[in-house]
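To start, the structure itself, in structure tokens.
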Amino acid sequence: MENTPGILYIVATPIGNLNDISFRALETLNKCDLIACEDTRHTKRLCQHHDIRTPLQAYHQHNEHQAGQKLIDRLNCGEHIALVSDAGTPLISDPGYVVVQLAHQAGIQVSPIPGPSALISLLSVAGLDTSSIQFEGFLPNKSSQRLSALKQLLPCQSTLVIYESSHRILACLNDISNIAGSDHLMAMGRELTKTFETIYHGSIDQVLTQLTDNPVQQKGEFVIAISATKPTVNESVPLIAQKLALTLMPLLPPKIVSKIVGSHHDCNKKQVYQFILDQQASE
Ligand code: SAM
């Protein structure tokens with residue numbers, strides 16, 4: 001007789017405060033046959049706090065394929081498995097993608113147990129427009145690569161959200177300032193839900209000053225939201241054309257730039273020219 005396959009539950013866990021966990025998440029972690037986690041020592045603390053005795057098994061980015069297949073075998077034998085990460089929602093800049101993909105391929109039911117995420121937590125308090133958001137996770141570690149990534153991403157018509165660690169927070173904010181402009185509006189969450197939680201809201205320059213004036217505030221975990229660029233100057237110049245114009249502006253005279261951009265993106269070169277003049281005036 002064939003076993004009915006088990007269910008793979010993707011369970012969100014706290015991003016700091018151990019009490020930020022839903023009844024359903026606790027119930028699921030309790031009733032599953034196994035909890036697949038990134039770091040057993042880390043998840044053990046959560047389990048001890050909530051008196052959960054389900055066995056733990058390590059599942060992290062380095063063994064995702066091998067460990068993922070083993071989890072699928074167990075699910076196929078009828079076991080129910082909860083997958084968690086160290087903090088927040090699995091697969092959001094965290095492992096889990098491979099096993100979820102394998103589960104779909106194997107026809108195994110995958111069910112979310114929603115809960116905390118640094119991304120959504122910040123957006124809920126940022127005071128920025130959330131009608132459209134772009135989440136980029138971690139930008140590259142190296143400044144040169146981070147700058148070119150930011151050049152591709154900004155200006156952005158959505159609120160842009162990124163994760164950053166304490167090692168690079170100042171360098172990253174400086175890079176954002178260089179690309180977006182020091183007076184651009186942003187919000188940042190530091191140590192969300194933890195004892196030293198701090199929410200920043202203001203220009204990039206103001207946030208940078210707060211951090212440089214107080215080095216203790218450079219420590220911890222950070223999530224950054226950069227306000228969407230409002231189509232201020234010239235709404236008739238498409239964003240992609242604006243981006244090309246901004247790239248060429250330091251290299252060529254405005255007339256040549258507007259000609260190139262106008263023909264490349266099939267838009268009005270006079271409006272591109274006006275866009276360039278407005279940009280220069282605001283610098
Ligand atoms: N899966 C997680 C989630 O749903 O938010 C994210 C995991 S990612 C490996 C870890 C990064 O998320 C940290 O480096 C930091 O940028 C951000 N983060 C996690 N917890 C945070 C917190 N309590 N406050 C601010 N940022 C946090």
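Counting starts at 1 for both ligands and their atoms, in listed order. Atom set for the values below is all heavy atoms of this structure, side chains included, hydrogens, waters and symmetry mates excluded.
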Suppose we measure from atom 13 (C) of ligand 1 to each protein heavy atom; which comes out shortest, and what is that distance? E221 OE2, 3.4 Å

If you measure from each non-hydrogen atom of E164 to ligand 1, which part falls under 4.0 Å: side chain, backbone, both or neither? backbone

Side-chain donor-acceptor pair present, S143, D175, cut-off under 3.5 Å: yes

T89 heavy atoms, cut-off 4.0 Å: which ligand 1 atoms fall inside? 1 (N), 3 (C), 4 (O)

Between K219 and E191, is there a side-chain N and carboxylate O pair less than 4.0 Å apart? no

Any side-chain donor paired with an acceptor under 3.5 Å for N214 and Q210? no

Should the heavy atoms of other residues, nucleotides or ligands under 6.0 Å from NE2 of H50 be counted, would the total exceed 12? yes

Of all protein heavy atoms, the one nearest atom 8 (S) of ligand 1 is S93 O, 3.6 Å

Give yes if a backbone or side-chain nitrogen or oxygen of I15 is under 3.5 Å from a nitrogen or oxygen of ligand 1, and no if not. yes

Nearest to atom 18 (N) of ligand 1, what protein heavy atom do you find, and at what distance? A118 CB, 3.5 Å

Select the closest option to atom 1 (N) of ligand 1 among D86, L119, D94, judged by heavy-atom distance. D94

Could you identify the single nearest non-hydrogen protein atom to atom 17 (C) of ligand 1 and state the distance to 0.1 Å? Y163 CD2, 3.8 Å

Check each atom of ligand 1 against the heavy atoms of G189 and keep those under 4.0 Å away; list them by number with element. 25 (C)

Nearest atoms (heavy-atom pairs only) where D33 meets P55: O-CD, 3.5 Å

Below a 4.0 angstrom heavy-atom separation, can you tell me which part of S165, side chain or backbone, both or neither, approaches ligand 1? neither

Within the 3.5 Å criterion, strictly below it, is a donor on Y200 or Q217 matched to an acceptor on the partner's side chain? yes

Same apolar cluster (I L V M F W Y, side chains within < 4.5 Å links), L252/F275: yes

Need the ligand 1 atom indices (1-based, order shown) with element for anything under 4.0 Å from a heavy-atom of E191. 23 (N), 24 (N), 25 (C)

L192 contact mode with ligand 1 (heavy-atom cut-off under 4.0 Å): both

Name the option, out of F138, F135, F196, F222, that contains the heavy atom nearest to atom 15 (C) of ligand 1. F222

Counting from 1, what ligand 1 atoms have a heavy atom of K194 closer than 4.0 Å? 23 (N)

Short question: side chain of H42, backbone of D86 - any donor-acceptor pair under 3.5 Å? yes

Report the part of A87 (side chain from C-beta onward, or backbone N, CA, C, O) that has a heavy atom under 4.0 Å from ligand 1; answer both or neither where that applies. backbone

Going hydrophobic residue to hydrophobic residue with side-chain gaps under 4.5 angstrom, can you get from V125 over to Y163? yes

Heavy-atom side-chain contact between M186 and L173 under 4.5 Å: yes

Pairs of nitrogen or oxygen atoms closer than 3.5 Å, one from P116 and one from ligand 1: do any exist? no

